[in-house]
Amino acid sequence: MLDPKLIRDNPEKIREVLKARALDFPLDDFIKSDKERRELIIKTDELRKTKNQISIEIARKKKSNEDAAGLIGQMQSVSQELQRLEETQVKAEDTYKKLSLTLPNLIHESVPVGKDETANKEIKKWGNMPAFDFKILDHIDLTQNLGLVDLERAAKVSGARFYYLKSQLVRLNQALIQSALDFLSEKNYTPIQPPYMINRNSMEGAIIAEDFEDVIYKVEGEDLYLIGTSEHAIASMHGDEIIEGKSLPLRYAGVSPCFRKEAGAHGRDQKGIFRVHQFDKVEQFVFSRPEESWGEHERMLSLVEEFYQKIGIPYRIMLLSSGDTGKVSAKTYDLEAWMAGQNSYREVTSCSNCLEFQARRLKIRFRDRTDEQPQYLHTLNSTLVATTRTMVAILENFQTKDGHVSIPRVLQKYIGSSTI
RNA sequence: GCGGGGGUCGCCUAGCCUGGUAGGGCGUGGGAUUGCUAAUCCCAUGUCCGUAAGGACCCGUGGGUUCAAAUCCCACUCCCCGCGCCA
């Protein structure tokens, strides 16, 4: 959600954002509904004022035993009129709210303008791609040969894009989670294991409406949705709160499974564990002062880099173009890990500054003194590690001639072994 | 799941029975007074509309009754206590 004043005073700026994002949005309708809504507020407020005045007068007359019948009759007609007016006002408010929830976030000036991922900008490369003197396998063959993933039975039990992890891959999964938590704890993040199901209101605070359809699973018969990432549950954690300024920034290390429909990804990455309905993730989530959020954003990215460097996975950092940036984010960096078996860089993490977009939707504010006007804070999120994709990178980059996989040194102590 | 108690302004609390402008304390900021400190007093401290003056809204949420609802009625929700069931 954007500042309504910004939209009112500066509609051209919003129009530019929509154009940069290559999005259709009925901005004129929205501005009109805002105007209608405000006009109705003025009218109903006025009527309420009259009502309050008469009410006070009735109370006074009753106290002094005077006849109030005339005033009561007056109140009846005012109340009726008000009720009628309120109905149209509620409708106007509804239209306005629905539209305001679908309007995307602003775009930062440093974001390259472009309609899709082809306009993304590579801003950094790290690491040397592994050289192999044998014919390498992709993670699908590797996991099949080594008995680390059972896709067939998962398909039988749950459907496509599910998997059973087995043996050492279960350990590798846990090792990644544990090492990521250790890593962020050292950086003074507070570990958070959130609820895996949250209600509609919380979900609406964190994402934009159409994402419900494409990514979010709904629990039948309950006001509950499976989180697509711990971000969804952590963003809403401080909803409706006014946070003490001195406790900012709040840095959380969220750990949770993530559930995603992956609708619209038909045919892409159909096999293996690269694109799946369920995976584990350790996430950075930060609540920050507005003036500090861009610094936090860079800091989060640097932590992601440090983590992948420690494991030893070559990567590149992409700055997403305006058209490829998610609707709640104003600027997003992706880390794309080198995956030898696919001979390409593939997205494994995503680091976004959402400015006050989520904070407004969820009413998360802060202030330094209790006599101050509370103001919206900024929220940021970044994957530290999404286990399935990182495991794909490890399997493919660290495979050995004998068909096994050597485990990156920093992870060995968590697994108790140096090879799979 | 059953029974009981509860949810009031950033925090604490009064008001609810008996309907008529939500009061007090704490904290925080500003001001007054004071030789300094302390104490005391005054003002400010939720949301929306409005350039402003001002006004409306706010008592967990949603309905209802009423001229009028924090207050009465209904439903839901969350928290606490007890019982039951359970990894």
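Quick note on labels: first sequence line is chain A, next is B, and so on, each numbered from 1. As the structure is a computational prediction, the values presented were derived from the model and not from experiment.
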If you restrict it to nitrogen or oxygen atoms, what contacts under 3.5 Å exist between nucleotides 8-12 of chain B and the protein, and what is each distance?
residue : atom : partner  : partner atom : Å
B:G10   : O4'  : A:Arg367 : NH2          : 3.1

Across all strands shown, which nucleotide pairs with B:A69 by Watson-Crick or G-U wobble geometry, both distances under 3.5 Å?
none

side-chain hydrogen bond (donor to acceptor under 3.5 Å, both in side chains) pairs touching residues 245-259 of chain A, sequence neighbours excluded, are A:His238-A:Tyr252, A:Glu244-A:Lys246, A:Arg251-A:Glu296

Does anything in residues 52-62 of chain A come within less than 4.0 Å of RNA chain B? Heavy atoms only, and list the residues if so.
A:Asn52, A:Ser55, A:Ile58, A:Ala59, A:Lys62

Give me the distance, rounded to whole Å, that separates B:A68 from B:U77 when you measure between the C1' atoms they each carry.
28 Å

Can you tell which of B:A68, B:U47, B:C57 lies closest to the side chain of A:Gln373?
B:U47

Does A:Phe285 have any ring pair (Phe, Tyr, Trp, His ring centres under 6.0 Å) partners at least two apart in sequence or in another chain, and if so, which?
A:Phe287

Ring pair (Phe, Tyr, Trp, His ring centres under 6.0 Å) partners of A:His297, counting only residues at least two apart:
A:Trp294, A:Tyr333

Integer angstrom distance from the C1' of B:G64 to that of B:A52
40 Å

Scan residues 75-86 of chain A against RNA chain B and write down, sorted by residue number, each residue with any heavy atom closer than 4.0 Å; if none is found, say none.
A:Met75, A:Gln76, A:Ser79

Respond yes when some side-chain nitrogen or oxygen of A:Arg8 is under 4.0 Å from OP1 or OP2 of B:C49, and no when none is.
yes

Per the ring pair (Phe, Tyr, Trp, His ring centres under 6.0 Å) rule, what does the pair list look like for residues 181-209 of chain A, sequence neighbours excluded?
A:Phe183-A:Phe307

With the side chain of A:Arg48 defined as its heavy atoms from C-beta on, choose the nearest nucleotide among B:C49, B:C67, B:A56.
B:A56

Kindly write out the residues that satisfy side-chain contact (heavy atoms from CB on, under 4.5 Å) with A:Asn199, not counting sequence neighbours, or none if the list is empty.
A:Asn201, A:Ser202, A:Asp223

According to the ring pair (Phe, Tyr, Trp, His ring centres under 6.0 Å) rule, which pairs have a member within residues 1-25 of chain A, sequence neighbours left out?
A:Phe25-A:Phe30

State the CD-OG1 distance between A:Glu336 and A:Thr349, to the nearest 0.5 angstrom.
9.5 Å

Could you pull out all residues at least two apart from A:Glu283 that satisfy side-chain hydrogen bond (donor to acceptor under 3.5 Å, both in side chains)?
A:Lys281

Assuming nearest nucleotide by heavy-atom distance, tell me which of A:Pro374 and A:Arg38 is located more 5' along RNA chain B.
A:Pro374

Which nucleotide, in any strand shown, forms a Watson-Crick or G-U wobble pair with B:G29, with both distances under 3.5 Å?
B:C43

What residues form a side-chain contact (heavy atoms from CB on, under 4.5 Å) with A:Ile242, not counting sequence neighbours?
A:Arg365, A:Arg367, A:Pro374

Give the nucleotide from the list B:A56, B:C49, B:A68 with an atom nearest to the side chain of A:Lys49.
B:A56

Sticking with atom C1', work out how far B:U71 lies from B:G60, rounded to a whole angstrom.
16 Å

Determine the interatomic distance between C1' on B:C11 and the same-named atom on B:G7; round to the nearest Å.
15 Å

The complete set of ring pair (Phe, Tyr, Trp, His ring centres under 6.0 Å) pairs with one or both residues in residues 157-181 of chain A, sequence neighbours excluded, reads A:Phe162-A:His277

